Engineer: 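First the structure, which I've put down as structure tokens, then a few questions once you've had a look.
Since the structure is predicted, the reported quantities are computational estimates derived from the model, not experimental observations. Naming: A, B, ... by sequence-line order, numbering from 1 per chain. Values below: all heavy atoms of this structure, side chains included; hydrogens, waters and symmetry mates excluded.
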Protein chains: 2
Amino acid sequence: MSLPHAILTALLERPSSSGLDLTRRFDRSIGYFWSATHQQIYRELGRLEAEGHIRALPAEQPARGQKKAYEVLPAGRAELARWTAAAQDPKPHRDAMLLRLRAAAVVGTAGLEADLRRHLELHRRQLAEYEEIEKRDFPPGEDSAQARLQHLVLRAGIELETFWTHWLTEALAGLPDAEDRPRGS
Amino acid sequence: MSLPHAILTALLERPSSSGLDLTRRFDRSIGYFWSATHQQIYRELGRLEAEGHIRALPAEQPARGQKKAYEVLPAGRAELARWTAAAQDPKPHRDAMLLRLRAAAVVGTAGLEADLRRHLELHRRQLAEYEEIEKRDFPPGEDSAQARLQHLVLRAGIELETFWTHWLTEALAGLPDAEDRPRGS
DNA sequence: CCGGGTTATGCAACTAGTTGCACAATAGAC
DNA sequence: GTCTATTGTGCAACTAGTTGCATAACCCGG
């Protein structure tokens with residue numbers, strides 16, 4: 001339901017992007033909260049063009065392997081505005097790590113620790129990346145409406161990663177099979 | 001990839017449950033971080049039985065509309081333990097509300113406020129529900145390994161909902177089109 | 001000029017999840 | 001006794017996302 005709107009947003013933020021341009025930006029910024037592969041993006045670009053929401057910039061390169069840049073048409077912008085304002089129920093979460101912890105409560109925590117540590121490291125790295133972006137793109141004093149909204153979205157990413165690093169640290173501390181726990185305490 | 005393991009966990013937590021029993025518990029507890037509909041659950045119960053991970057308790061009720069209770073077989077418990085300990089990469093997030101905020105940065109925030117308020121209310125309610133569960137099921141002083149792990153999972157839910165209520169409150173405060181904002185400030 | 005790497009576009013098949021509906025048994029209302 | 005609501009099971013079709021692979025142009029070294 002949302003991939004076309006993610007693409008419209010990305011294409012409005014930076015017009016005349018190609019499929020590969022968009023793919024690269026889905027790997028960096030937009031993809032942090034709406035990931036997509038290049039195959040999905042190409043498929044969706046085709047649909048959006050067929051619906052009249054975007055169009056390929058005329059460059060008379062008809063063939064495959066040739067760069068093809070798109071821009072958003074008024075109908076596409078209108079659709080994005082409509083979707084943004086429309087009421088939407090939050091999708092139910094699915095988090096495999098929480099499920100694994102709950103499973104571990106019945107079948108035991110053996111073997112879990114290594115992957116908890118790995119995830120902790122991944123979340124720490126993601127957090128560092130977000131903080132880097134914040135330092136680079138949102139220096140203090142900036143306050144255009146657009147910048148404030150984008151900063152708010154980034155803050156969500158930062159706070160979520162902060163939560164996960166804390167939570168995983170706590171989980172690791174509470175594992176019963178830590179072999180180096182002092183006996184006497 | 002994880003629905004069968006969610007079902008195995010639920011079925012180990014409370015054996016000889018039927019499809020509908022499981023569905024109800026997916027609506028309350030397990031479903032908070034791994035939701036599933038009854039259709040998914042029935043389909044998966046069939047697969048798990050075919051694979052020899054669970055079996056229907058013998059009750060010689062052959063027909064449709066008759067309650068059918070399942071239990072986990074040793075092979076199912078082993079599979080759950082294997083899965084719990086196996087390394088798994090975190091799945092990429094998809095959050096429509098963050099995407100909408102980012103879209104609003106380019107097409108404007110008109111019409112967004114109502115749904116932000118609605119989501120805030122939903123998250124507040126979910127948070128209240130989690131806190132109710134915590135008070136009921138995890139009184140202070142409890143410290144079996146199983147209870148600590150389950151409490152940890154619940155804490156994740158509480159902290160995530162706390163984050164969202166804060167974040168949405170901040171987002172609402174920052175919307176540019178608040179009509180009752182004093183002029184002079 | 002041709003072989004291999006990079007950039008770029010795209011199809012096809014598969015997997016997981018959702019939506020809509022159907023059907024059987026049972027319990028209580030009238 | 002039969003009508004209706006509730007409980008319980010389940011199939012089928014659809015939608016979204018993933019995985020694997022194919023193809024074409026271009027660029028650079030030899």
Engineer: Take atom NZ of A:Lys67 and atom C1' of C:dG10, then tell me their distance rounded to the nearest Å.
Structural biologist: 17 Å
Engineer: Please report how far the helix from C:dC1-D:dG30 to C:dC30-D:dG1 bends, comparing the axis fitted to its first five pairs with the axis fitted to its last five, to the nearest 10 degrees.
Structural biologist: 10°
Engineer: How would you list all residue pairs meeting ring pair (Phe, Tyr, Trp, His ring centres under 6.0 Å) that involve residues 70-93 of chain B, not counting sequence neighbours?
Structural biologist: B:His5-B:Trp83
Engineer: What residue pairs, at least two apart or across chains, pass salt bridge (Lys or Arg N to Asp or Glu O under 4.0 Å) with a residue in residues 49-58 of chain B?
Structural biologist: B:Arg55-B:Glu71
Engineer: Suppose the criterion is salt bridge (Lys or Arg N to Asp or Glu O under 4.0 Å): which pairs have a residue in residues 5-14 of chain A, not counting sequence neighbours?
Structural biologist: A:Glu13-B:Arg102
Engineer: Please write out the pairs of protein N or O atoms and N or O atoms of nucleotides 15-18 of chain C separated by less than 3.5 Å, giving the distance to one decimal.
Structural biologist:
residue	atom	partner	partner atom	Å
C:dG17	O3'	A:Arg94	NH1	3.3
C:dT18	OP2	A:Arg94	NH2	2.9
C:dT18	OP2	B:Gln40	OE1	3.0
C:dT18	O4	B:Arg43	NH2	2.5

Engineer: The criterion is side-chain hydrogen bond (donor to acceptor under 3.5 Å, both in side chains); which residues satisfy it with A:Ser35, sequence neighbours excluded?
Structural biologist: B:Arg94
Engineer: Scan for ring pair (Phe, Tyr, Trp, His ring centres under 6.0 Å) pairs involving residues 113-147 of chain B, sequence neighbours excluded, and state none if there are none.
Structural biologist: B:Tyr32-B:Tyr130, B:His123-B:Trp164, B:Phe138-B:His151
Engineer: Quick check for you: to the nearest 0.5 Å, what is the distance between A:Leu127 atom CG and A:Thr162 atom OG1?
Structural biologist: 4.5 Å
Engineer: With a 4.0 Å heavy-atom cut-off, tell me which residues in residues 11-25 of chain A come close to DNA chain D, sorted by residue number.
Structural biologist: none
Engineer: Checking A:Arg24 now: which residues fulfil side-chain contact (heavy atoms from CB on, under 4.5 Å) with it, not counting sequence neighbours?
Structural biologist: A:Leu20, A:Asp21
Engineer: Applying salt bridge (Lys or Arg N to Asp or Glu O under 4.0 Å) as the test, list every pair that has at least one member in residues 31-44 of chain B; sequence neighbours left out.
Structural biologist: B:Glu44-B:Arg47
Engineer: Residues in salt bridge (charged side-chain N to carboxylate O under 4.0 Å, His left out) with B:Arg82, at least two apart?
Structural biologist: B:Glu79
Engineer: Just N and O in the side chain of B:Lys68: are any of them under 4.0 Å from OP1 or OP2 of D:dG10?
Structural biologist: yes
Engineer: Scan for salt bridge (Lys or Arg N to Asp or Glu O under 4.0 Å) pairs involving residues 156-174 of chain B, sequence neighbours excluded, and state none if there are none.
Structural biologist: B:Arg155-B:Glu159
